[in-house]
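Beneath this line is the structure, given in C-alpha cells, with notes to follow.
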Amino acid sequence: MANDQSLANYGYSIYQVGSEQYRLLQFGVIKLNSKTDYFERMLQIQQVLDELISSYKVEIFLAEEVQLQKNADTFRKLCYLLSFLRVYCYNRREQIQFYPPVAVNRWRKNCVRQILGLETGSKLELFNYLYNIMPAIQNTDQSDAVGLGIYMANELDINKGELRNGKLVNYKI
C-alpha cells in the first residue's frame, strides 16, 4: 500500500505484488473535512485504513517523508500524521511492515523520471501520464499514490506491472 498522506486529501493505492509483476488493485482519496480537529481526522483515516488493510491483506505500508512546509502548523500536523501512521503499523507489525518513508524528490526521480521515462518528474506530468493509461484517475493525490506504488514495486525489484484495471474508490468523511 502506497500513501500520499494528508489531513485533507489522503491519496492511497493498493497493489498485488508477485515475484515478477505488480498489479494495481485499488486507488483513491480519503477526503476529510478540514474543519474537523486534525486528531479526529487521523482517527477517521485509521478507520478507512483498517477496512482497506483487512480487505486486501496489505503487508507493506509506504508513506512519503514529510517535506518542510511554509506553514509551521501544517508541517507539525503532517509530522504528527506520519508518526501516527508509523504507530498504526507498529501495532499491527505481525501483519504489516512500515517501509521507511521516502522523500518526494527521491521517488519522483527514481520512479517518474527513470522508470516511467518522463522528462521532469512533476506532479502534473505524472498525472497526465497516468490519465492516458487509466482515465478514471481524477487528481494528483491519486496519481501521486499510484506513482509511489510503482516506486515501491521497483524497490522490491519488480519492474513490470498492470495499472489499467485498478478500481477507483474515494471516501468522503
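If you're wondering where the values come from, they're calculated on a predicted model, not measured in any experiment.
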query = Would you find a donor on one side and an acceptor on the other, under 3.5 Å apart, between the side chain of Asp141 and the backbone of Val29?
reply = no
request  = Output, in order, the C-alpha distance, side-chain angles, deciding distance and verdict of side chain to side chain contact (heavy atoms under 4.5 Å, CB included) for Ile150 and Leu163.
outcome  = CA-CA 9 Å; Ile150 296 169; Leu163 299 172; 4.0 Å; yes
inquiry  = Tell me if a side-chain donor or acceptor on Glu125 pairs with a main-chain N or O of Glu119 at a distance below 3.5 Å.
reply    = yes
ask   = Tyr88 ring centre to Arg92 NZ or CZ under 6.0 Å, with the angle to the axis within 45°?
value = yes
ask   = With distance as the sole criterion, is a donor-acceptor pair present between the side chains of Asn170 and Gln138 under 3.5 Å?
value = yes
remark   = CG (Leu118) and CG (Asn128) are apart, to the nearest 0.5 Å, by 9.5 Å
ask   = Does Leu7 reach the side chain of Ile45, with side-chain heavy atoms less than 4.5 Å apart?
value = yes
query = So how far is it from Arg41 CZ to Asn33 CG, rounded to the nearest 0.5 Å?
reply = 7.5 Å
task = Please round to the nearest 0.5 Å and tell me the distance separating atom CG of Asp144 and atom CG of Leu148.
result = 6.5 Å
message = side chain to side chain contact (heavy atoms under 4.5 Å, CB included), that's the test. Do Gln67 and Leu78 meet it? Break it down for me.
response = CA-CA 9 Å; Gln67 297 181 80; Leu78 289 173; over 6 Å; no
query = Looking at side-chain heavy atoms only, is the closest gap between Lys167 and Leu24 below 4.5 Å?
reply = no
key: Exam field: side chain Arg113 to backbone Arg108, donor-acceptor pair closer than 3.5 Å   = no
message = Quick check against the 3.5 Å criterion: does Arg23 have a side-chain atom that pairs as donor or acceptor with the backbone of Gln16?
response = no
message = Given 3.5 Å as the limit, does a donor-acceptor pair link the side chain of Ser13 with the main chain of Ala145, or not?
response = yes
ask   = With a 4.0 Å cut-off, would you call Asp73 and Lys77 a salt bridge?
value = yes
ask   = Hey, does Leu168 have a side-chain heavy atom less than 4.5 Å from the side chain of Phe27?
value = yes
query = From Asn154 CG over to Ile115 CD1, what is the distance, rounded to the nearest 0.5 angstrom?
reply = 3.0 Å
query = Should Val87 and Val58 be counted in the same cluster of Ile, Leu, Val, Met, Phe, Trp and Tyr side chains packed under 4.5 Å apart?
reply = no
inquiry  = Could you report the tightest heavy-atom contact between Ala63 and Gln5, atom names first, then the distance?
reply    = CB-OE1, 3.4 Å
task = Would you check if there is a donor-acceptor pair between the side chains of Asn3 and Tyr10 at a distance under 3.5 Å?
result = yes
ask   = How about Tyr56: does its OH atom have over 12 heavy atoms from other parts shown lying under 6.0 Å from it?
value = yes
message = Do Ile173 and Ile30 make a side-chain contact, defined as non-hydrogen atoms from C-beta onward lying under 4.5 Å apart?
response = yes
key: Sub-4.5 Å side-chain heavy-atom contact between Phe39 and Leu81   = no
request  = Provide the closest heavy-atom pair for Ala2 versus Gly149 in the form atom of the first, atom of the second, distance.
outcome  = CB-N, 3.4 Å
ask   = Taking all non-hydrogen atoms of both residues, which atom of Arg76 and which atom of Tyr38 are closest, and how far apart?
value = NH1-OH, 3.8 Å
remark   = In this structure, CG of Leu49 is separated from SG of Cys89 (nearest 0.5 Å) by 8.0 Å
task = Measure the shortest side-chain to side-chain distance between Leu43 and Phe84 over non-hydrogen atoms and say whether it is less than 4.5 angstrom.
result = yes
remark   = Taking every heavy atom of Thr140 against every heavy atom of Asp4, the minimum-distance pair comes out as O-OD2, 4.3 Å
ask   = Looking at side-chain heavy atoms only, is the closest gap between Met1 and Ile60 below 4.5 Å?
value = no
task = Might you point out which heavy atoms bring Tyr22 and Ala153 nearest each other, and give the distance in Å?
result = CD2-CB, 3.4 Å
task = Begin with the C-alpha distance, continue with both residues' side-chain angles, and end with the deciding distance and a verdict on side chain to side chain contact (heavy atoms under 4.5 Å, CB included) for Val48 and Tyr12.
result = CA-CA 11 Å; Val48 175; Tyr12 73 92; 5.6 Å; no
Side chain to side chain contact (heavy atoms under 4.5 Å, CB included) assessment of Leu52 paired with Tyr171 = CA-CA 11 Å; Leu52 293 171; Tyr171 296 84; 3.4 Å; yes
key: Between CZ on residue Arg86 and CG on residue Asn91, distance to nearest 0.5 Å   = 12.5 Å
task = Check whether NZ of the Lys or CZ of the Arg Arg93 lies under 6.0 Å from the centre of the six-membered ring of Tyr90 and within 45 degrees of that ring's axis.
result = yes
Would you give me the side-chain donor-acceptor pairs under 3.5 Å for residues 94-107, sequence neighbours excluded?
{"residue": "Arg106", "atom": "NE", "partner": "Tyr151", "partner atom": "OH", "Å": "3.3"}
{"residue": "Arg106", "atom": "NH2", "partner": "Tyr151", "partner atom": "OH", "Å": "3.4"}
{"residue": "Trp107", "atom": "NE1", "partner": "Glu64", "partner atom": "OE2", "Å": "2.9"}

